[in-house]
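A note on names: the letters A, B, ... follow the listed sequences, proteins ahead of strands, and every chain is numbered from 1.
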Protein chains: 2
Amino acid sequence: MNGLTRKQEICITAARLFKSKGYAAVTMRDLAAEMGIKAASLYNHISSKEEILNEVILAIAKSFTKGIRNIRSSEDKITEKLQAVIAQHVNLTADYPFEMASLNNDWMHLGEGKKEYLNLRDEYELHFREIIKQGKSEGVLKNIDEEVILFSTLVTLRNLYIWIPKKGVVDRDKIINSLNQTLLQGIEI
Amino acid sequence: MNGLTRKQEICITAARLFKSKGYAAVTMRDLAAEMGIKAASLYNHISSKEEILNEVILAIAKSFTKGIRNIRSSEDKITEKLQAVIAQHVNLTADYPFEMASLNNDWMHLGEGKKEYLNLRDEYELHFREIIKQGKSEGVLKNIDEEVILFSTLVTLRNLYIWIPKKGVVDRDKIINSLNQTLLQGIEI
DNA sequence: GTCTATATGTGGATAGAC
DNA sequence: GTCTATCCACATATAGAC
């Protein structure tokens, strides 16, 4: 009725619970209760609890990596690329705040999918690092240790999910602008 | 033999496990195995799993709040206060990286102690926010939304535990300097 | 301070009826 | 697609011996 499969509904509900208690502390009975059904009924739509985590985390991890791959290979200037990275984080976080929490906090409970997740994360950081390096070599960014820039920027962006849901949906642009200032003006020449 | 009580040893070992899997996924058997004893033996030193979490989280939460209370009430200039806040985070994180992970990720599993933890956290953020406000009113900090400054700074500092253990013990000062640059130059006039 | 044995509860997951 | 009933593994925690 809402265009979602039952499996998708389960994953969305699960992500919300995972955010509040963490994957390990959420039981199939909790999840079922939240869906208004019994735990056994869940297994008509998913094969295991772990499969749900896989669905929740890998979908958004792929979006991030695909996005930054495009940003890096674009013809934009460095500053524009960095702004695009920030905007992607704000937008994906505003759309999927619960999934972002699992991505950050529950990835270690992935089974089958952990390797793929780690590959996606490594590729993401690789592109980000290369954008920063390019910025330094072009003289657009200050000569601060790449890893420090990468860490402090990425940590802020990855944790937006803690903070964005508190704000209204409307002020995405305001958040993007503020982050552009706070994050970029500390590192730009 | 090492100056630690058995209870302290248990809490230290527990914190290390909590960091890698999260509180909920660590069993008393895991913890006991890591200590080289049986699970039942743990209960001669602690009364419950939850008590361990309380010990781990509240000790470090108190240190942070006490520290920033002193920094705020000192006669230092704003820039020095902000640098002192950064230095406190780097030092406490370097000393207690595992406890920092629990502080960030496992506080929702506190029982008895949750209220106290939330009070400490609120007080911490209050002092931090007031330092930022004072900086803005004195014209030392840019006129960026306080909450954005607070969020992006605090999130970086709170997640140092992910990053600091990778570095050697030696370069605390280098990290403090880099963070001073990255975090402060984006917000200072 | 640690052990073995065990009580008691709850977790993920399956079988089969409707 | 959901239910009831149930299996079985594993969780926290206690009792009492050494």
Rounded to the Å, how far apart are [X] [atom1] and [N] [atom2]?
X: B/Asp30; N: D/dA13; atom1: CG; atom2: P; value: 14 Å
X: A/Gln8; N: D/dG1; atom1: CD; atom2: P; value: 13 Å
X: A/Ile10; N: C/dA13; atom1: CD1; atom2: P; value: 13 Å
X: B/Lys49; N: C/dG11; atom1: NZ; atom2: P; value: 12 Å
X: B/His45; N: D/dT12; atom1: NE2; atom2: C1'; value: 17 Å
X: B/Leu42; N: D/dT12; atom1: CG; atom2: P; value: 10 Å
X: A/Met28; N: D/dA11; atom1: CE; atom2: C1'; value: 18 Å
X: A/Leu31; N: C/dG11; atom1: CG; atom2: P; value: 13 Å

> Closest to the B/Thr27 side chain: C/dG12, D/dC3, D/dT12?
Replying inline: D/dT12
>> What's the closest nucleotide to the side chain of B/Ala40 if the choices are D/dT14, C/dT14, C/dA13?
In response: D/dT14
[X] side chain near [N] phosphate (N/O to OP1/OP2, under 4.0 Å):
X: B/Arg29; N: D/dA11; answer: yes
X: B/Ser41; N: C/dC3; answer: yes
X: A/Tyr43; N: C/dT14; answer: no
X: A/Lys38; N: D/dC3; answer: no

> Looking across every strand, which nucleic acid part, if any, lies under 4.0 Å from A/Ala39 by heavy atom: base, sugar-phosphate, or nothing?
Replying inline: nothing
> Touch check for B/Arg6, heavy atoms < 4.0 angstrom, all strands: base, sugar-phosphate only, or nothing?
Replying inline: sugar-phosphate
>> Tell me whether the NZ or CZ atom of B/Lys49 lies within the 45° cone about the ring axis of B/Tyr43 and under 6.0 Å from its centre.
In response: no
>> Whether B/Lys7 and B/Glu55 form a salt bridge (side-chain N of Lys/Arg under 4.0 Å from carboxylate O of Asp/Glu) is what I want to check.
In response: yes
>> Could you check whether B/Lys136 pairs with B/Glu146 (Lys NZ or Arg NE/NH1/NH2 to Asp/Glu carboxylate O, under 4.0 Å)?
In response: yes
>> Show me the pairs that pass salt bridge (charged side-chain N to carboxylate O under 4.0 Å, His left out) and involve residues 85-101 of chain A, at least two apart or across chains.
In response: A/Asp95-A/Arg172
> How long is the gap from OG on A/Ser102 to CZ on A/Arg16, to the nearest 0.5 Å?
Replying inline: 12.5 Å
